Amino acid sequence: MTSGIFVGRLYDALTPYLSVCVVAPDSNEDISVRSGVVAFRYALKRHQRLAHLPGGIPVQLKKNPILYFYVPLFLASYLYTTFCESKGKDIILANWAVSGLIGAIVKIVTRKALITVLRGDDVKFNGKKGFLLSIAIKHSDSVVVVSEEMCNYLKKMYPSSKNKMITILNGVDKSFSSIAGRKKFLSFIFVGSLIKRKNIDYIINEMATWKNLDFEFHIIGDGDMRIQLQNRVKELELSKQIQFYGEISPEKINKFFSGATFYISASLHEGRPNAVVEAIAAGCIPILSNISGHRELIGNLSSQLLFSQESQGSLSHCVESLLIDKNNIDEIKEKITTLKNTQLYSWDKCATHYVELINNVCEKVK
């Protein structure tokens with residue numbers, strides 16, 4: 001499929017141990033659907049624009065409210081396909097809260113075991129979305145959360161279900177750990193959707209003040225803010241320093257990590273951001289906004305590598321502090337290597353945790 005890379009990597013890691021079928025929405029493009037994936041249709045081909053686009057379904061609905069018309073069709077098709085594919089299966093593993101709701105309905109009818117995996121934004125649903133999340137949690141036999149901070153948050157929000165919640169960190173592909181290349185010292189990289197939550201305009205405005213620095217910033221990804229950001233770069237006369245590359249296949253991102261010293265993120269909120277994890281695995285120094293998802297990732301390095309995304313000049317001050325002492329950079333690189341070796345999962349290790357959980361859940365519901 002064209003998105004859900006970490007779901008694809010988890011699938012690859014699980015298949016040596018389990019028989020797995022992935023149910024996912026179809027796209028408006030002609031794409032090759034990998035073995036093991038069942039793509040459900042919910043509209044005419046050209047109108048299937050809810051999923052597989054930068055920012056996901058919430059961004060597409062905000063960008064084009066007409067797409068709300070397709071939401072009932074999307075959910076109905078998703079439910080029907082999941083129900084059909086659940087026949088002969090022992091367990092439903094639902095990624096994200098809305099999928100957890102679909103899984104809960106199928107479970108009520110079929111009595112299948114259900115594990116819901118919660119990632120990022122869907123953990124802090126409120127209002128109507130919070131009602132959907134509560135239904136998914138209530139009917140799940142186990143709830144996996146991909147960061148410790150998010151897991152603790154959910155335990156406080158849903159104390160009656162806290163015993164079914166566990167943390168399993170996403171894995172990181174081995175290829176990122178084997179990257180070798182000559183890094184330009186003041187080379188920065190960002191990978192992700194170009195949407196408001198990622199706050200790229202803050203980074204660009206900060207870089208506009210770096211008049212005496214010979215830097216480069218590589219932006220990989222796409223989204224509804226791309227044109228606006230490109231125009232801002234032109235306006236600030238930073239086109240030579242800041243380059244946009246659009247969507248790039250995961251296999252080709254490695255070369256960008258190999259040439260970058262720093263990974264930079266000014267996100268307003270995150271769960272456990274996969275791009276930052278991959279950057280750390282590749283040996284990049286992360287310079288990150290001061291949010292809980294980032295703090296959890298870098299631990300005791302927080303005081304040196306975090307900035308306030310709400311404060312003008314904070315990012316610039318953070319970078320300046322890092323550049324004052326070359327020995328400080330070398331020391332941080334050593335700490336990043338230690339962090340990578342002790343805190344990051346491989347997808348194989350991630351899969352073993354899921355296999356153990358799946359076996360335990362299946363045993364309990366027999």
Side-chain angles (χ1 to χ4, degrees), residues 1-11 20-89 92-110 116-117 119-122 125 127-129 131-133 135-136 192-198 220-228 230 244-251:
M1 300 299 289
T2 56
S3 60
I5 299 301
F6 41 87
V7 175
R9 286 174 175 154
L10 178 59
Y11 168 84
V20 182
C21 171
V22 178
V23 175
D26 197 9
S27 170
N28 66 322
E29 299 178 353
D30 290 325
I31 56 175
S32 58
V33 178
R34 63 186 299 174
S35 174
V37 175
V38 176
F40 64 85
R41 296 283 298 270
Y42 57 92
L44 294 175
K45 188 74 173 176
R46 64 180 180 274
H47 295 307
Q48 292 185 146
R49 298 187 57 81
L50 276 173
H52 307 305
L53 291 169
I57 294 175
V59 169
Q60 300 313 312
L61 291 174
K62 185 176 181 180
K63 183 178 177 181
N64 184 5
I66 293 176
L67 292 176
Y68 275 101
F69 171 79
Y70 295 105
V71 171
L73 299 174
F74 180 97
L75 294 175
S77 182
Y78 194 2
L79 177 60
Y80 175 76
T81 306
T82 303
F83 179 80
C84 291
E85 295 300 324
S86 70
K87 295 178 180 178
K89 308 297 192 303
I92 300 167
L93 184 68
N95 283 278
W96 297 285
V98 174
S99 298
L101 174 67
I102 296 294
I105 296 172
V106 175
K107 176 187 177 177
I108 291 171
V109 176
T110 66
T116 297
V117 184
R119 308 172 183 274
D121 280 355
D122 53 8
F125 273 172
K128 293 180 179 179
K129 290 183 178 180
F131 173 74
L132 300 182
L133 176 60
I135 295 296
S193 297
L194 305 187
I195 56 178
K196 186 175 182 180
R197 176 169 63 85
K198 299 297 184 178
I220 299 172
D222 207 347
D224 60 347
M225 290 193 68
R226 179 173 176 176
I227 294 177
Q228 178 183 333
Q230 288 176 319
F244 294 81
Y245 295 87
E247 294 283 357
I248 291 179
S249 67
E251 296 78 16

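Remember, it's a predicted structure, so these values are computed and weren't measured experimentally.
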How many angstroms lie between [atom1] in [X] and [atom2] in [Y], if you round to the nearest 0.5 Å?
| X | Y | atom1 | atom2 | answer |
| --- | --- | --- | --- | --- |
| Tyr80 | Glu85 | OH | CD | 10.0 Å |
| Ile135 | Ile102 | CD1 | CD1 | 12.5 Å |
| Arg49 | Asn28 | CZ | CG | 5.0 Å |
| Asp224 | Lys196 | CG | NZ | 10.5 Å |
| Phe83 | Ile92 | CZ | CD1 | 10.0 Å |
| Tyr70 | Leu61 | OH | CG | 12.5 Å |

### Query
Would you find more than 12 non-hydrogen atoms of other residues, nucleotides or ligands less than 6.0 Å from Ile108 atom CD1?
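Yes, the 6.0 Å shell around CD1 holds more than 12 heavy atoms from other groups.
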Mind listing the closest non-hydrogen atom pair of [X] and [Y] along with its distance?
| X | Y | value |
| --- | --- | --- |
| His52 | Ser27 | CD2-CB, 4.0 Å |
| Gly223 | Pro54 | CA-CB, 3.5 Å |
| Ala97 | Ala136 | O-CB, 3.9 Å |
| Leu67 | Gln60 | CD1-O, 3.6 Å |
| Arg41 | Ser77 | O-OG, 2.6 Å |
| Tyr245 | Arg226 | C-NH2, 4.4 Å |

### Task
Sorted by first residue and then second, give each side chain to side chain donor-acceptor pair (under 3.5 Å) pair with at least one member in residues 92-102; sequence neighbours left out.
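Checked against side chain to side chain donor-acceptor pair (under 3.5 Å) - neighbours excluded - the pairs reaching residues 92-102 are Tyr78-Ser99, Asn95-Arg119.
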### Message
Quick check against the 3.5 Å criterion: does Thr116 have a side-chain atom that pairs as donor or acceptor with the backbone of Ala94?
### Response
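Such a contact is absent between Thr116 side chain and Ala94 backbone.
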### Query
Pick from Val20, Val37, Leu93: which one makes a side chain to side chain contact (heavy atoms under 4.5 Å, CB included) with Tyr11?
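Going through the options one by one, the only one that passes is Val20.
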### Asp26 with Lys45: basic N within carboxylate O range, under 4.0 Å
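Looking at Asp26 and Lys45, the cut-off is met.
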### Task
May I ask you to decide if the ring planes of Tyr42 and Phe74 are parallel, tilted or perpendicular, using 30° and 60° as cut-offs?
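Aromatic pair Tyr42/Phe74 classed perpendicular.
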